[in-house]
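Here's the structure, in structure tokens; my notes come after.
Since we're looking at a predicted model, the values are computed, not measured. All chains are named by letter (A, B, ...) in the order of the sequence lines, taking the proteins before the strands, and each is independently numbered beginning at 1.
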Amino acid sequence: MLVTINRWRRVVSVLGAVLWLSLGALPVALAQAQQPAGAPPGAATAPAPAAITPADLKAVSGPSAETLGKGDPGGALTGSVGDVVVSDPKAGLSLADLVNQVGQNRIAVNFVWTLITGYLVMFMQAGFAAVETGLCRAKNANHTMMMNFMVYGFGLFAYWVMGFAIQQGGSAGISSLGGLNPLSSEFSITGLGGKSWGLFGYKGFFLSGSSYDVGVMVMFLFQMVFMDTAATIVTGAAAERWKFAAFAISSVFLAAITYPLYGNWAWGGGWLSALGTNYKLGHGYCDFAGSGVVHTVGGLSALAVSMILGPRIGKYNRNGSPNPMPGHDITMVLIGCFILAFGWFGFNPGSTLGASGNGALRIGAIAVNTMLAGCTGSIAALLYMWIRFGKPDASMAGNGLLAGLVAITAPSGFVNTVGAAIIGFAAGMLVCLSVEFFERVLKVDDPVGAISVHGTCGLWGVISVGLFADGTSNYGGSWNGVNGSVTGLFYGDPGQLVAQLIGCATLVGIVFTLSYLFNWLIDALVGQRVGAASELEGLDLPEMGALGYPEFQLVTPGLGRSVEIAAD
Amino acid sequence: MAGQIIFAVVMLAVFVLWQLAKPGRSIFDKR
Amino acid sequence: MKVLGLLVCVLGWLIAVSCVEFSSVGVQLVVVVLGFLVAGFGALGILNSAHIRDAIWKS
């Protein structure tokens with residue numbers, strides 16, 4: 001082992017700076033660890049509940065129409081007993097009306113929450129489009145943008161036709177959205193030890209029949225936007241050389257089959273989620289918002305497509321050394337990262353599928369975990385690049401933010417803020433190492449780093465549930481059918497880590513393989529990659545028929561020659 | 001709580017030691 | 001070679017899933033990590049090597 005004196009000098013100066021900064025933080029964190037958990041306040045002795053009688057209900061009155069007609073600027077009068085839906089106007093307000101209204105209010109709050117957060121996640125499509133287009137060269141701007149734009153349409157269509165049914169067809173029992181009782185069909189086989197292994201659902205094709213249901217609609221929208229996040233990840237890694245037609249077919253495969261299968265196993269009542277009930281492995285595979293289901297599926301599909309496509313012309317020299325191919329608009333990249341960070345406030349907190357009941361008030365903690373992990377991820381990546389290359393690199397800082405957000409996605413509902421910060425920081429370091437590993441060692445060309453951000457850090461997110469889950473969450477007293485709170489290795493449950501690692505092995509062993517086979521088939525039938533002439537010219541004209549920047553003369557650096565496209 | 005902090009510190013130490021000892025390019029080598 | 005790589009991927013998954021047959025959590029952890037690494041080797045080692053062999057930059 002040869003450690004030069006120069007390395008030592010640098011490490012001492014770097015560590016000195018880091019230790020100085022953390023001197024304040026560490027004692028605080030350890031002091032927190034020393035403090036016993038605050039004892040819950042002693043419950044005041046509650047008086048015996050009084051029974052509500054019909055006479056009590058009849059005695060309740062609200063403001064009259066005349067009073068309300070004078071206006072209510074303070075809001076104290078609006079919303080009262082008169083607004084409770086009465087089933088029999090002749091009989092007046094009954095206890096059944098009151099109780100039903102409470103139930104409906106809870107479901108309404110949960111519907112609104114799930115839908116609004118779903119809309120936020122949909123907006124992440126714009127974020128991905130901006131990040132990917134900004135990291136690609138200008139001559140491919142139209143093509144890259146259009147892949148991200150149309151993945152919404154292609155993915156949604158395929159998911160509506162069959163993807164949702166496969167994923168959630170057997171997921172009845174989600175109480176926060178009214179039970180989703182129509183989704184009652186799951187195909188299972190007998191697996192190891194004679195246990196039932198759910199493989200896929202078969203209810204909800206075209207959202208028709210009994211799945212034409214208000215709760216199912218909310219669930220479909222929310223799950224669809226998550227699927228689309230996975231689908232759009234692939235477009236980044238395959239950019240600048242992917243045929244638009246091949247992208248379309250590949251996206252349909254992912255939306256219709258690959259993603260829904262793993263989604264069923266993890267979220268739809270399938271065998272991965274049942275590892276706890278079947279084999280006593282913690283609470284089974286736990287993935288709160290989808291580091292595995294969404295990001296790793298997307299990242300590994302991106303890896304499969306990148307391998308099949310091969311690297312861009314000019315990316316690698318004859319000796320295998322890589323050439324940098326910088327993106328054309330770093331401002332677009334960072335704006336895109338902010339849009340993604342904003343959308344992630346829908347991604348993670350929205351995965352409670354409600355804001356009322358069953359521990360859903362944890363949404364604030366989940367949101368804080370999310371933002372913290374993104375923050376420490378960007379700091380870690382920035383530090384790595386700054387120390388390594390002497391400059392704070394903008395694109396890796398953006399990727400570090402995304403890496404932290406990807407990694408916290410699975411554990412966001414189960415960890416505390418210290419855990420979230422650590423997870424994010426580790427993801428920021430991991431993404432830098434992974435980008436170099438894939439580029440230099442494996443020689444897989446990934447223009448935007450999608451494989452590293454979503455694949456590598458997604459796997460880290462899945463594993464971190466098994467490490468950092470602290471056992472304080474309480475989503476209705478159980479998770480995946482196992483009583484108690486999800487707990488990781490550091491808080492006493494090593495079985496949870498085993499379940500998470502089985503999920504990781506499934507992602508690499510089955511999901512990657514399936515994705516590779518589908519895309520291999522597309523390559524054989526249609527061809528995945530564009531021709532060399534199209535690639536060198538830029539995909540905008542040959543594939544899309546229009547330039548992204550028609551008024552500019554574009555020069556591509558780094559190829560040893562200029563490729564100029566005339567303005568007219 | 002303490003377990004996860006100790007894990008983080010250990011991982012950071014392992015990373016630093018690896019970068020110190022690895023042949024070829026390291027984060028601590030000036031470019 | 002590519003098919004072999006994919007088969008090793010699936011083999012890794014099979015090894016990982018077989019960990020449920022063991023009762024000790026320590027053994028389960030070892031087996032599942034082994035399975036994960038075998039699957040990773042299939043994808044990034046064997047399959048990727050097959051692609052690098054015919055890489056566009058070699059011609």
Checklist entry - Looking at C/C19 and A/V498, what are the two nearest heavy atoms and their distance? => result SG-CG1, 3.7 Å
Checklist entry - Given a strict heavy-atom distance threshold of 4.5 Å, which part of A/L281 is in contact with chain C: side chain, backbone, both, or neither? => result side chain
Next on the checklist: Below 4.5 Å, heavy-atom pairs only: which of A/L459, A/I308, A/V444, A/T506 has the largest tally toward chain C?
Outcome noted: A/T506
Checklist entry - What part of A/Y316 is in contact with chain C, defined as an atom under 4.5 angstrom from a non-hydrogen atom: side chain, backbone, both or neither? => result both
Item to check | C/H51 versus A/M307, closest heavy-atom pair with distance | outcome: ND1-O, 3.1 Å
Item to check | Winner by heavy-atom pair count (cut-off under 4.5 Å) against chain A, out of C/V20, C/V25, C/V38 | outcome: C/V20
Checklist entry - To the nearest 0.5 Å, how far apart are OH in A/Y279 and CD in C/E21? => result 7.0 Å
Checklist entry - Considering only heavy atoms, which portion of C/A43 lies under 4.5 Å from any heavy atom of chain A: side chain, backbone, both, or neither? => result both
Checklist outcome for this item: Separation between CG (C/L29) and CG (A/L489), nearest 0.5 Å, reads 7.5 Å
Next on the checklist: Given heavy-atom pairs under 4.5 angstrom as the criterion, report whether the side chain, backbone, both or neither of A/L300 touches chain C.
Outcome noted: neither
Next on the checklist: Tell me whether the rings of A/W271 and C/W13 are parallel (<30°), tilted (30 to 60°) or perpendicular (>60°).
Outcome noted: perpendicular
Checklist entry - Taking every heavy-atom pair that is under 4.5 Å apart, which of C/I15, C/L47, C/L11 has the most such pairs with chain A? => result C/L47
Checklist entry - For the atom pair CZ (A/F438) and CG (C/N48), what is the distance rounded to the nearest 0.5 Å? => result 8.5 Å
Checklist outcome for this item: Of A/G191, A/G509, A/A304, the largest count of non-hydrogen pairs under 4.5 angstrom with chain C goes to A/G509
Checklist entry - Side chain, backbone, both or neither: which part of C/I52 has an atom under 4.5 Å from a heavy atom of chain A? => result side chain
Checklist entry - Can you check whether C/W57 reaches A/D445 side chain to side chain, under 4.5 Å on heavy atoms? => result no
Checklist entry - How far does CG of C/L7 sit from OG1 of A/T513, to the nearest 0.5 angstrom? => result 8.5 Å
Next on the checklist: Please classify the contact of A/N317 with chain C as side chain, backbone, both or neither, using a heavy-atom distance under 4.5 Å.
Outcome noted: backbone
Item to check | From C/I56 atom CD1 to A/I313 atom CD1, the distance as rounded to the nearest 0.5 Å | outcome: 4.5 Å
Checklist entry - Do other residues, nucleotides or ligands put more than 12 heavy atoms under 6.0 Å from the NZ atom of A/K280? => result no
Checklist entry - Which region of A/L507, side chain (C-beta onward) or backbone (N, CA, C, O), has a non-hydrogen atom less than 4.5 Å from a non-hydrogen atom of chain C, or is it both or neither? => result neither
Checklist entry - Is any side-chain heavy atom of A/W520 less than 4.5 Å from a side-chain heavy atom of C/V3? => result yes
